[in-house]
Amino acid sequence: MCTCTCRMFDATWSRALAAGAAPVQAPQEKGDGDRRGGFRDAGGTTWWISTQVA
C-alpha cells in the first residue's frame with residue numbers, strides 16, 4: 001500500500017484509471033479538509049491519493 005498527497009489529484013486519478021488501475025474507493029471529501037481516493041494498479045499495489053481542499 002502506498003499513500004501520496006497530490007497537487008493535481010484529478011489528473012493523477014484519471015491517468016491511473018486510463019492506465020488500467022481499478023478503483024478501490026472513489027474520490028470524496030472526507031470532512032477533514034482532504035479529498036481522498038484509492039486504486040489498485042496492474043501489479044496489485046493499492047495506492048491512496050489525497051489533496052487538501054480547504
Side-chain angles (χ1 to χ4, degrees):
M1 177 174 69
C2 297
T3 305
C4 300
T5 301
C6 305
R7 289 185 184 169
M8 299 173 58
F9 181 93
D10 292 322
T12 302
W13 179 262
S14 296
R15 286 182 68 190
L17 296 185
V24 172
Q25 181 182 59
Q28 54 187 286
E29 290 187 27
K30 292 296 192 173
D32 60 0
D34 280 353
R35 183 170 177 224
R36 293 191 287 274
F39 55 85
R40 184 170 294 113
D41 68 19
T45 300
T46 300
W47 295 81
W48 295 97
I49 60 172
S50 66
T51 192
Q52 289 189 322
V53 293

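- The stretch residues 18-33 participates, sequence neighbours left out, in these side chain to side chain donor-acceptor pair (under 3.5 Å) pairs: Asp32-Arg36.
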I'd like a table of donor-acceptor pairs (distance under 3.5 Å, sequence neighbours excluded) in which one partner is a side-chain atom from residues 1-13, with atom names and distances.
residue: Asp10; atom: OD1; partner: Arg35; partner atom: NH1; Å: 2.8
residue: Asp10; atom: OD1; partner: Arg35; partner atom: NH2; Å: 3.3
residue: Thr12; atom: OG1; partner: Met8; partner atom: O; Å: 2.9

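- The environment of Trp47 atom CH2 is sparse: at most 12 non-hydrogen atoms of other residues, nucleotides or ligands sit within 6.0 angstrom.
- Within the structure, no pair that satisfies the salt bridge (Lys or Arg N to Asp or Glu O under 4.0 Å) test touches residues 41-54, not counting sequence neighbours.
- Partners of Thr46 according to the side chain to side chain donor-acceptor pair (under 3.5 Å) rule, which considers only residues two or more places apart in sequence or in another chain, are Arg40.
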